[in-house]
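Input: a single structure, listed below in structure tokens.
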Amino acid sequence: MRRTTLLLLFLVVPPAFAQTAADISFQRTFLLRNAAGTSFNPGPTPHHPLLFERGAWTAFFEGAAFATYTSETGPEEQRNELFSTNWLAAGVQWTAGRRGLLLLRGRVSLEPYTIPDQGYPQILQFVSAGSGGPLLDSMRPHDLVGEAAAHFAFRTSNASFLHLYAAPVGTPALGPVPYAQRSSSEEFAEAPFAYDVQETMLDSTSVVTAGFASRWISLEGSVFHDAVTESPHTTIESGDIDSRSARLTLTPGRNLAIQVSRGELGDDEREITTASLTWAGSAASLSLIYTDRDDLDSGGAETTFRFGRSTFMLRAETVDRPPGFLDEPDVKRTSHFTIGYIYDFIARNGIRTGIGFNFDYHTQTHDIEDIYGHKPQTLYLFGRIRTDALRR
């Protein structure tokens, strides 16, 4: 009953906040462009906060929530469940003189309370024990606290700055923007199937990042603790700094970002290398992402396209599976395709509310047909509410 009530509240209680900024540009502010940690989306609307400005202070709020019903076909034991994926972020930025900027930012998710203890249904999703599982055919909730950070920048010119990011809980300089905040992924109600390889290091603790950024290039280095929480993911897993990473991001144009990063995680120095290309315009966004982690590779492409009140989504992924996956030695890789659509029936005062669906289709499953049937598929029907910039 408590979980159902929370789902309804996410959809029907509209936030009463000030009007959204028309545009958050690199020229206007160096820090509010960042979607998570120090990672950013390119394009005219890097993310979609509602802004409150007073003198040297700028406060913001943003978030998204999906109330989703899922229906599976294929496995002998099918799951049909109601759950919510969601996140909320807020912060305040202070302009210190003509060159300094200080941003205090936090992000939380109520998914530990709106997703079942065993995760939400997602056929062929795999979350290892080292990533907050083990889970099979289910996706774990986000941590209750995803970010609590202070970010200071000093402008060295009108188009460049030095910066320092410190976060008891935060996102290191490693990989692209997390999927829930990534412009090409933000409208999907579900996680990518490459989550275990691609995403799990992005919620870390004791994060310190230093870097330099300009119009064309960003170079950053991080040290952090590779934190892992266990169900119900409501605690903060602290520890000594045991990981490091470096990231190079090229922005040859306002709408294009190319990043390459490398990290070593934990005391055993597990290696991870990522590369991505993201293009974002006023109506569409596209990302190509590759990750090599612990000798497992994942590659994928995803896009969102908006036309009037309609948003169309497509994601394609191929993911290496660990040895012994499903106790089937021949299953070393699976491929997944997700298509989706959202119709926004309310879009005013910086709030977009709509209904839509995601549909998953899986290939390379012939060797596990006795477990998942001939064509395993999942349909997600959802309502969605999010903050959004007035200008697209």
Side-chain angles (χ1 to χ4, degrees), residues 3-4 6-8 10-11 65-86 111-128 131-142 179-180 185 187-199 231-233 298 300 302 312-322 324-328 330-331 333-342 354-384:
R3 188 169 284 137
T4 302
L6 283 168
L7 299 186
L8 293 174
F10 265 106
L11 285 181
F66 298 78
T68 305
Y69 176 79
T70 181
S71 177
E72 296 181 343
T73 59
E76 183 175 344
E77 296 184 9
Q78 299 174 14
R79 295 171 60 188
N80 302 289
E81 296 182 7
L82 178 68
F83 64 92
S84 171
T85 52
N86 54 78
E111 290 182 6
Y113 307 106
T114 61
I115 288 176
D117 293 339
Q118 72 273 25
Y120 64 80
Q122 199 175 31
I123 293 176
L124 286 170
Q125 179 64 271
F126 174 75
V127 181
S128 65
S131 301
L135 292 174
L136 177 64
D137 298 332
S138 294
M139 176 60 199
R140 54 159 286 185
H142 281 96
Y179 76 88
S185 179
E187 297 289 19
F188 288 88
E190 57 179 307
F193 288 89
Y195 173 84
D196 192 67
V197 177
Q198 176 181 299
E199 298 272 344
S231 182
H233 305 289
S298 71
E302 60 188 22
F312 302 90
M313 299 162 281
L314 176 64
R315 177 189 281 156
E317 303 174 83
T318 179
V319 185
D320 278 352
R321 298 304 189 175
F325 178 69
L326 294 172
D327 295 323
E328 296 286 345
D330 293 332
V331 181
R333 176 174 287 264
T334 57
S335 298
H336 314 270
F337 301 89
T338 301
I339 61 172
Y341 172 79
I342 298 175
I355 58 174
F357 72 88
N358 287 163
F359 176 74
D360 292 343
Y361 180 78
H362 311 275
T363 64
Q364 296 176 286
T365 59
H366 298 297
D367 293 325
I368 49 178
E369 187 172 326
D370 57 329
I371 303 174
Y372 293 100
H374 179 55
K375 292 183 178 180
Q377 303 168 6
T378 309
L379 177 65
Y380 299 85
L381 302 174
F382 58 82
R384 186 270 282 128

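The analysis underlying the following values was restricted to heavy atoms, covering all of them including side chains, and did not include hydrogens, waters or symmetry mates. Each residue takes its place number in the sequence, starting with 1.
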Task: Heavy-atom check, side chain of Asp360 versus side chain of Glu190, under 4.5 Å - done: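 SC-SC contact between Asp360 and Glu190 confirmed.
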- [ ] Decide yes or no for Thr70 and Thr378: does some side-chain heavy atom of the first lie under 4.5 Å from some side-chain heavy atom of the second?
- [x]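 Yes. Closest side-chain heavy atoms under 4.5 Å.
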Go through the structure and list residues passing side chain to side chain donor-acceptor pair (under 3.5 Å) with [X], not counting sequence neighbours.
{"X": "His362", "answer": "His336"}
{"X": "Thr73", "answer": "none"}
{"X": "Ser298", "answer": "none"}
{"X": "Tyr361", "answer": "none"}

Task: Any residue meeting ring pair (Phe, Tyr, Trp, His ring centres under 6.0 Å) with Tyr380, in chain and number order, not counting sequence neighbours - done: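 Residues passing ring pair (Phe, Tyr, Trp, His ring centres under 6.0 Å) with Tyr380: none at all.
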Open item on the list: I'd like to know if the side chain of Gln125 and the backbone of Pro192 have a donor-acceptor N/O pair within less than 3.5 Å.
Closed with: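 Yes, because the side chain of Gln125 sits within donor-acceptor range (under 3.5 Å) of the backbone of Pro192.
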Open item on the list: I'd like to know if the side chain of Asp137 and the backbone of Leu124 have a donor-acceptor N/O pair within less than 3.5 Å.
Closed with: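 Judged by distance alone, yes, a pair lies under 3.5 Å.
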TODO: Of all the heavy-atom pairs spanning Asn86 and Thr114, show the shortest one and how long it is.
DONE: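 Here Asn86 and Thr114 meet closest at ND2-OG1, 3.1 Å.
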Task: Residue Ile371 excluded, over 12 heavy atoms near CD1 under 6.0 Å - done: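 For Ile371, atom CD1 is crowded (more than 12 foreign heavy atoms under 6.0 Å).
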TODO: Applying salt bridge (Lys or Arg N to Asp or Glu O under 4.0 Å), name anything that partners Arg79, two or more places apart in sequence or on another chain.
DONE: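 Partners of Arg79 by the salt bridge (Lys or Arg N to Asp or Glu O under 4.0 Å) criterion, ordered by chain and then number, come out as Glu81.
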- [ ] Indicate whether the side chain of Asp196 and that of Ser128 have a donor and an acceptor atom separated by less than 3.5 Å.
- [x]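 Ser128 and Asp196 do have a side-chain donor-acceptor pair below 3.5 Å.
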TODO: Identify whether NZ of Lys or CZ of Arg in Arg315 sits under 6.0 Å from the centre of the six-membered ring of Phe188 and within 45° of that ring's axis.
DONE: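 Judged by the rule (NZ or CZ under 6.0 Å from the ring centre, within 45° of its axis), Arg315 counts as positioned above Phe188.
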